[in-house]
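What follows is one structure encoded as structure tokens, with my remarks underneath.
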Amino acid sequence: MRDNATEVTAAGIARLAGVGRAAVSNWRRRHADFPKPVGGTETSPSFALTAVEEWLRIQGKLGEVPLREKVWQQLAGHPAGPVPALLHAGCALLLVRDRHPGWLKVSAVSDERMAQLLPGELEGVVAPRFGGGPGVVRIPRAAELLPSVPLLRGVAELATELGARQAYEFLLGRHIDANPRQYTLTPAGPAELMAALAEIAAPARTVLDPACGTGALLRAVPPRPEQRLYGQDAAPELAALTALRLALHSDATVRGAAADTLRADAFADARVDAVLCHPPFNERNWGHDELAYDPRWEYGFPARTESELAWVQHALARIKDGGTAVILMPPAAASRRSGRRVRADLLRRGALRAVLALPAGAAPPYNIPLHIWVLSRPVPNTPASPELLLVETAGLAAPDGRDRQAWRPVQDAVLDVWRHFERHGTLDERPGLARAVPVLELLDDEVDLAPARRLPPPAAGGGTEQLTAVRERLGDAVRRTADLLPPQAEPAGAVRWPLTTVGELARSGALSLRTGTGSGAPGSRVLTEHDVLAGMTPSGSVDPLTADSVVTETGDVVIPVSGGGTAARVVDEATAGAVLGRGLTLLRPDPAAIDPWFLAGFLRGTANNRQASSYASTAARLDIRRLQVPRLPLDGQHGYGERFRALAAFEDTLRLAGRLGEQLVRGLHDGLTDGTLPPE
């Protein structure tokens with residue numbers, strides 16, 4: 001290799017050395033021997049990775065770089081680009097996972113010989129895992145593999161550290177994070193919910209996702225013996241990456257295809273147990289004209305503006321009689337006039353079983369409350385279900401976006417009502433949450449299936465008893481706020497301390513820095529940026545794409561790095577043990593050197609944040625290492641720490657009073673307007 005063919009950007013150099021990008025720019029100006037660019041552009045040059053590592057090592061600036069960071073830099077700077085590098089890495093990891101002796105044999109020779117031997121070894125692994133046919137994962141030729149050999153050696157070493165599956169998840173996750181506009185993700189929470197909804201009807205051994213994207217839905221399917229997973233996506237590279245991801249995730253046979261599903265269905269002859277799908281929304285060019293006489297339109301030809309109803313009927317056409325399809329849908333599909341005839345036929349024939357409204361922020365697009373449609377292919381000579389289950393979950397989650405909602409209550413409530421409805425065919429009304437609506441009631445001129453329009457509201461503010469309880473809690477909070485009111489400030493002369501920066505404290509060992517990734521064990525609580533800004537307990541869900549995990553401890557200081565605000569939170573017992581979310585930096589001070597409340601208080605200073613912020617055209621970002629703290633002995637820090645702790649308690653009580661006040665006002669408004677509360 002040509003390891004020197006691997007290139008790295010200034011941002012990558014900064015990560016290798018543990019510094020900011022400004023430091024890399026300074027090195028280029030001040031050191032004549034700094035490696036010259038070998039690619040990129042004048043404004044964003046790239047450098048040979050080996051030359052950069054050698055220069056940093058000579059200068060004493062190359063610390064102990066984690067293996068995963070080295071491997072990622074090799075992949076990101078691959079001469080053929082990151083996607084071919086990911087495909088080669090995924091194939092090698094399959095060999096490591098499924099035929100480890102074969103990998104040992106080919107990795108014990110020279111780079112050139114390894115590139116020649118790899119295709120033959122991969123042949124015995126790739127074909128069986130992908131159903132015996134060519135599929136979407138092509139075995140690379142020796143000439144293609146030669147530039148990737150050092151990367152593949154590093155990937156195998158990373159698999160020894162993390163496991164083959166987690167190594168690929170880490171690399172794929174970093175690639176997706178670096179290219180967010182190229183991929184539409186289905187978050188872990190909704191994906192797990194959709195897979196669980198399909199499983200309640202009957203355990204599925206064959207599952208299809210006709211718009212598989214990054215494979216989140218198929219990855220959420222519980223593994224079982226002799227399982228077959230089918231995934232199709234219009235983007236060939238994405239279909240191949242997803243097929244490798246699924247093959248590394250379980251022992252299932254994976255069948256992948258790359259083509260426009262509605263126009264060129266690769267699995268036209270398949271009949272599967274379940275379909276899971278997050279289709280593209282609001283597509284006009286989905287094939288309306290050329291597919292007018294397609295046999296899939298059993299429930300009516302979808303209008304040009306109803307691409308989602310085309311996906312619904314495609315899913316129904318691919319499942320067995322009695323099989324289940326679970327589809328993420330835009331809310332407009334439940335009520336648009338152009339789709340009412342198709343919706344009506346789905347109801348009449350018993351194909352549509354449930355419409356479940358999620359809170360806004362559950363999945364992209366995050367600004368609207370998406371729906372989940374649960375469908376079943378009618379069994380011949382079986383009466384259609386006389387009722388449709390409608391569920392509205394907006395009241396179960398905080399209205400603050402994808403990482404800011406309490407997802408577990410949503411999932412538990414939805415699965416509970418669906419399990420009961422599936423077992424009994426009906427459901428006693430649960431005000432404000434769920435109702436089994438007679439199909440005849442829905443077959444009017446509109447055929448409007450939006451749950452919010454058919455469900456009776458819950459009692460105002462939870463009822464008069466809860467409003468009374470909220471009022472009492474508000475009174476207590478207001479009294480505590482008065483008790484915690486800071487004393488009147490006394491005038492004093494300005495104090496000028498000698499200052500140090502967070503970066504200097506980190507280099508001296510007085511504290512350590514970690515960056516949040518949002519990844520952790522399934523079911524872990526995640527402390528999000530919103531939680532820190534709003535003073536709330538951890539509310540996010542874990543991200544399955546990355547391998548790093550940062551867990552908070554009591555006394556840590558957590559800071560958001562974007563948004564231009566001033567916030568720093570000391571982790572207490574209620575927050576300790578949570579996974580650190582994206583967009584957050586954790587400072588872990590040495591208690592023998594730094595008081596955490598002293599540190600957090602000074603980091604919140606407005607002037608401090610202003611001098612440490614950098615600005616793009618539309619956003620501000622905080623350089624944590626540039627934040628300044630006075631140089632004071634530990635004894636001198638404690639007085640400031642206690643004062644900052646008291647201010648935090650006052651702030652928390654103010655927030656609680658504000659939330660309770662809003663809840664009380666909203667409940668009283670609702671009660672007065674719906675007639676459940678008298679005006680007296």
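At a threshold of 4.5 Å between non-hydrogen side-chain atoms, the residues P365 and L370 count as touching. Contact check for L533 versus P560: side-chain heavy atoms found under the 4.5 Å cut-off. Residues H371 and L358 have side chains not in contact (no heavy-atom distance under 4.5 Å, counting atoms from C-beta outward). The side-chain heavy atoms of W373 and L309, taken from C-beta on, include a pair separated by under 4.5 Å. A heavy-atom distance below 4.5 Å is found between the side chains of I327 and P279. With a 4.5 Å cut-off on side-chain heavy atoms, L262 and D265 do not count as touching. Looking at heavy atoms from C-beta onward, L244 lies in side-chain contact with L94 at the 4.5 angstrom threshold. You'll find the side chain of L208 reaches within 4.5 Å of the side chain of P210, heavy atoms only.
For an aromatic pair to be called close, the ring centres must be under 6.0 Å apart, and W286 with H288 satisfies this.
Take P386 and apply the side chain to side chain contact (heavy atoms under 4.5 Å, CB included) test, not counting sequence neighbours, and it matches no residue.
No donor-acceptor distance shorter than 3.5 angstrom exists from the side chain of E308 to the backbone of P280, with no hydrogens or angles considered. D177 contributes no side-chain N or O that, together with a main-chain N or O of R174, makes up a donor-acceptor pair within less than 3.5 Å. Without hydrogens or angle criteria, R129 side chain to A252 main chain gives a donor-acceptor distance under 3.5 Å. Side chain of H249 to main chain of R219: a donor-acceptor pair is present (N/O by atom type, distance under 3.5 Å, no hydrogens or angles). Side-chain atoms of Q232 never come within 3.5 Å of backbone atoms of G256 as a donor-acceptor pair (strictly under, hydrogens ignored). Between the side chain of T393 and the backbone N or O of A357, at least one donor-acceptor pair lies under 3.5 Å. A distance-only check finds a donor-acceptor pair linking the side chain of N179 to the backbone of H175 [under 3.5 Å]. No donor-acceptor pair under 3.5 Å is formed between the side chain of R435 and the backbone N or O of V391. Side-chain atoms of E422 do not come within 3.5 Å of backbone N or O of A201 as any donor-acceptor pair. A side-chain donor-acceptor contact under 3.5 Å links H78 to the backbone of A80.
The two atoms that bring L449 and L390 nearest to each other are O-CD2, 3.6 Å, heavy atoms only. Between V137 and A240, the closest heavy-atom pair is CG2-O, 3.9 Å. Looking at every heavy atom in both residues, I372 comes nearest to L328 through CG1-CD1, 3.7 Å. Between F301 and L291, the shortest heavy-atom distance links the atoms CE1-O, 4.0 Å. When every heavy atom of G300 is checked against every heavy atom of Q313, the shortest pair comes out as O-NE2, 2.8 Å. Between L427 and A434, the closest heavy-atom pair is CD2-CB, 3.6 Å.
Atom NE2 of residue H424 and atom CD of residue E387 lie 13.0 Å apart, to the nearest 0.5 angstrom. Separating the CG atom in L86 from the CG atom in L172 is a distance of 6.0 Å, to the nearest 0.5 Å. In this structure, the separation between CG on L375 and CD1 on I319 is 7.0 Å, given to the nearest 0.5 Å. Note: L346 CG to S376 OG = 12.0 Å, rounded to the nearest 0.5 Å. Distance check, rounded to the nearest 0.5 Å: CZ of R318 to CZ of R271 gives 5.0 Å. Here SG of C91 is found 9.0 Å from CG of L248. Values are rounded to the nearest 0.5 Å.
Ion pairing of D289 with R304 is present here, as a side-chain N (NZ or NE/NH1/NH2) and a carboxylate O approach within less than 4.0 Å. Salt bridge status for E298 with R377: present, with a side-chain N to carboxylate O gap under 4.0 Å. Electrostatic pairing of D416 and R430 counts as a salt bridge here, judged by a charged N lying under 4.0 Å from a carboxylate O. Using a 4.0 Å cut-off between charged nitrogen and carboxylate oxygen, R454 and D448 do not count as a salt-bridge pair.
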| Stepwise, does the salt bridge (Lys or Arg N to Asp or Glu O under 4.0 Å) test hold for R205 with E226? | CA-CA 7 Å; R205 279 195 166 83; E226 301 179 6; 5.2 Å; no
| task | Take R582 and L584 through the test side-chain contact (heavy atoms from CB on, under 4.5 Å) and record every step on the way to the result. | result | CA-CA 5 Å; R582 294 174 182 272; L584 295 174; over 6 Å; no
| Going through the checks in order, is the side-chain contact (heavy atoms from CB on, under 4.5 Å) test met by V579 and L527? | CA-CA 6 Å; V579 170; L527 183 67; over 6 Å; no
| said: Before you tell me yes or no, could you show the steps for E199 and R224 under salt bridge (Lys or Arg N to Asp or Glu O under 4.0 Å), namely the whole-Å CA-CA distance, both residues' side-chain angles and the distance that decides it to 0.1 Å? | reply: CA-CA 12 Å; E199 286 283 312; R224 52 180 39 89; 3.1 Å; yes
| How far apart are the C-alpha atoms of L389 and R353, what are their side-chain angles, what is the distance that settles it, and do they pass the side-chain contact (heavy atoms from CB on, under 4.5 Å) test? | CA-CA 6 Å; L389 177 65; R353 303 293 314 287; over 6 Å; no
| field | Full working for side-chain contact (heavy atoms from CB on, under 4.5 Å) between V355 and M329 | value | CA-CA 9 Å; V355 176; M329 299 282 280; over 6 Å; no
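Within 6.0 Å of the CG atom in D428, the count of heavy atoms belonging to other residues, nucleotides or ligands does not exceed 12. Around the CZ atom of R296, the shell of radius 6.0 Å holds more than 12 heavy atoms that belong to other residues, nucleotides or ligands. Annotation for D445: atom CG does not count as buried by contact number, only 12 or fewer foreign heavy atoms lying within 6.0 Å.
Among R337, R453, R343, the single residue meeting the side-chain hydrogen bond (donor to acceptor under 3.5 Å, both in side chains) criterion with E446 is R337.
Taking the six-membered ring where the residue is Trp, W311 and H314 present perpendicular rings, their angle passing 60° and hence far from 30°.
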Distance-only check: which donor-acceptor pairs under 3.5 Å involve side-chain atoms of residues 190-197, not counting sequence neighbours?
none

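The cationic atom of R349 (NZ for Lys, CZ for Arg) lies less than 6.0 Å from the six-membered ring centre of Y299 and within 45° of the ring axis.
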